[in-house]
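Below is one structure, written out as structure tokens, with a few remarks after it.
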Amino acid sequence: MEASPASTGSSKKRPRNDNSNNTTNITAGRGGRGGGRRSYHQNGRGGRHRPKNNRHDASSRARATAVNNDRNKNHAQRAQQQQQDYSSSHQRSNNHSSRLEENDNASATKTLPWPNPHTHYVPLHEEERLLPSLLHWGKSERGMMKDQPPFRLQKIQKLLLLNHNGTTSNRNSHNNRRMTLLQSLSLRRTHLKHLQPRLSMPQLKLGSETDIRHSAAFEQVVQNYLRRHNVLQCFWTEEDQRRENRRKGGRMPPSPDFRVRDGHCVQLDFDHHHHPHGGGVKKNNTKSKTITNQRENTASARTTINWIEAKMFYGASTIPSNTPNAVGAILPKMNEYVSLYGAGAIVFMYGCGDVLARQLFEIGVVALDGRGLDVAIVEESQRGWCADARGTILF
């Protein structure tokens, strides 16, 4: 019998099967790599899959179970939170609805009573009749009426008592279309500035800039009127508009003294003042006069406005538009407001002429007479610099 290589000491040794002790018990077929079928007795399915690690599978299943538990827990928490949010939202909605019901009147249309302006506009011929006496020295006219010779004031006062045809009017009659002394003096100041546009008010001897500025409280007068009639909360004041513009940033647009807030509506109501002196249509009037008065009193009885501008002077019809003075700048400025904010109103402290009022109405602006407002704070300041020794204001 032939001896084995191990017993003969031959240098060639049979390659050791490193997997001989492997408990997996792999049986390889012929043909080398991939030539036969491998079977894993621990994997009953067969095939070419690598054996699984049971310890790894258990750990993965544990982690998956934990993840699923966390997801279920988070889902339950989110569902609970959503239920709580819904309950809170429902409660807030109910509270909000209650507040809306309580404040329903605040967001409703507000009415602002005002005397019918159509009965107060001064005819053009009234201004033209008084101007020669108001501008006695023409372009060389200077100074306030309190500083003029006495005959000047006497002549003006006499003209104010005359009708346009030269007849004397009844002192006890109430002719709202006639000019008053303060109206005529305001008209004079505007024409002095119109005749000398390059001269300042102090150079025209019509008061210092400080005195004029301190007396410019008519905007406060209008604000007090709005507050008294419970509509001020519907408006942004000019300061409110500046504050809002600073918050938003950007350039400040042209802004009226009072602008209606978003979501609010304000209407001028002329029905509350059928006659500024408490009169109205008398029973003994003829039918034609009654119809005329009714038309005047009900013209534009309810007018929706979006802003209010306050002017502390008389709105003269004899001042051309686009001239360098306070009245000449009105129409261009009001056109800007209308293009930005819609229809509005302008309040003249000393009333307005009928021609200017018509021009304003054509662009969507109502000219209001401010002589019925409480101007005590303005007159108190004026008496400190433009009144005579008796306290009569003669600017």
Side-chain angles (χ1 to χ4, degrees), residues 127 130-131 133-157 160 179-224 237-239 242 252 254-257 309-316 318-320 322-330 332-333 346-353 356 370-371 373-395:
E127 296 183 23
L130 290 168
L131 278 176
S133 297
L134 294 173
L135 304 173
H136 184 78
W137 309 111
K139 286 191 174 183
S140 61
E141 181 92 9
R142 298 289 187 278
M144 292 181 280
M145 187 55 61
K146 73 180 185 67
D147 301 322
Q148 302 298 319
F151 80 91
R152 295 284 310 278
L153 180 59
Q154 293 171 3
K155 185 177 181 179
I156 293 173
Q157 289 175 327
L160 293 174
M179 294 200 77
T180 65
L181 178 60
L182 289 179
Q183 281 181 319
S184 64
L185 296 183
S186 180
L187 174 66
R188 174 178 177 268
R189 289 171 70 88
T190 304
H191 271 277
L192 286 178
K193 184 64 178 175
H194 175 57
L195 291 174
Q196 299 290 349
R198 296 180 179 273
L199 298 183
S200 64
M201 300 300 274
Q203 290 173 327
L204 292 171
K205 298 181 180 180
L206 296 176
S208 68
E209 297 289 353
T210 302
D211 289 336
I212 295 174
R213 184 171 58 255
H214 286 171
S215 297
F218 185 58
E219 183 178 339
Q220 183 63 46
V221 170
V222 176
Q223 183 170 330
N224 293 341
T237 65
E238 198 167 9
E239 179 58 31
R242 283 194 291 265
M252 180 73 175
S255 56
D257 294 325
E309 181 79 353
K311 295 298 182 185
M312 192 178 153
F313 49 78
Y314 169 73
T318 48
I319 295 293
N322 284 298
T323 51
N325 54 78
V327 176
I330 287 177
K333 179 60 69 176
I346 179 171
V347 187
F348 293 99
M349 180 171 172
Y350 299 110
C352 182
L356 178 59
R371 288 178 294 168
L373 306 183
D374 184 4
V375 295
I377 57 175
V378 178
E379 293 179 343
E380 181 181 358
S381 176
Q382 288 176 332
R383 288 190 179 93
W385 62 276
C386 60
D388 62 7
R390 293 176 296 181
T392 304
I393 298 173
L394 298 171
F395 43 67

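When reading the values below, keep in mind they use all heavy atoms of this one structure, side chains included, and skip hydrogens, waters and symmetry mates.
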Query - Test item: Leu135 and Leu195 side chains (from C-beta on) under 4.5 Å apart, heavy atoms - result: yes

Query raised in the report: Okay, side chain of Gln148, backbone of Met145: is any donor-acceptor separation there less than 3.5 Å?
Result: no

Query raised in the report: In terms of side-chain geometry, is the basic nitrogen of Arg152 or Glu141 positioned less than 4.0 Å from the acidic oxygen of its partner?
Result: yes

Report summary line: Nearest heavy-atom contact between Asn322 and Pro332 is OD1-CG, 3.1 Å

Report task. Determine yes or no for a side-chain-to-main-chain donor-acceptor pair under 3.5 angstrom, with Gln183 supplying the side chain and Tyr350 the backbone. Result -> yes

Requested in this report: Measure across Ser184 and Leu134 and return the closest heavy-atom pair with its distance rounded to 0.1 Å.
Outcome: O-CD1, 3.4 Å

Could you list the donor-acceptor pairs under 3.5 angstrom formed by side chains in residues 383-394, with sequence neighbours left out?
from: Arg383; atom 1: NE; to: Gly391; atom 2: O; distance (Å): 3.3
from: Trp385; atom 1: NE1; to: Ser215; atom 2: OG; distance (Å): 2.7
from: Asp388; atom 1: OD1; to: Arg390; atom 2: N; distance (Å): 3.1
from: Asp388; atom 1: OD1; to: Gly391; atom 2: N; distance (Å): 3.0
from: Asp388; atom 1: OD1; to: Thr392; atom 2: N; distance (Å): 2.7

**Report entry** Closest non-hydrogen atom pair, Arg142 against Arg188
**Finding:** O-NH2, 4.0 Å

Query raised in the report: Is any side-chain heavy atom of Leu192 closer than 4.5 Å to a side-chain heavy atom of Met201?
Result: no

Query raised in the report: Looking at Ile330 and Ala326, what are the two nearest heavy atoms and their distance?
Result: CG1-O, 3.4 Å

Query - Shortest non-hydrogen separation from Ile377 to Ala217 and the atoms involved - result: CD1-O, 4.0 Å

Report task. Answer yes or no: is there a donor N or O on one side and an acceptor on the other, between the side chain of Asn224 and the main chain of Gln220, under 3.5 Å? Result -> yes

Query raised in the report: Can you find a heavy atom in the side chain of Glu219 that is under 4.5 Å from one in the side chain of Met312?
Result: no

Query - Check: Gln196 side chain, Lys139 main-chain N or O, donor-acceptor pair, under 3.5 Å - result: yes

Report task. Look only at the side chain of Glu309 and the backbone of Ile346, and say whether a donor-acceptor pair between them is shorter than 3.5 Å. Result -> no

Query - Nearest atoms (heavy-atom pairs only) where Ser186 meets Tyr314 - result: OG-N, 2.9 Å

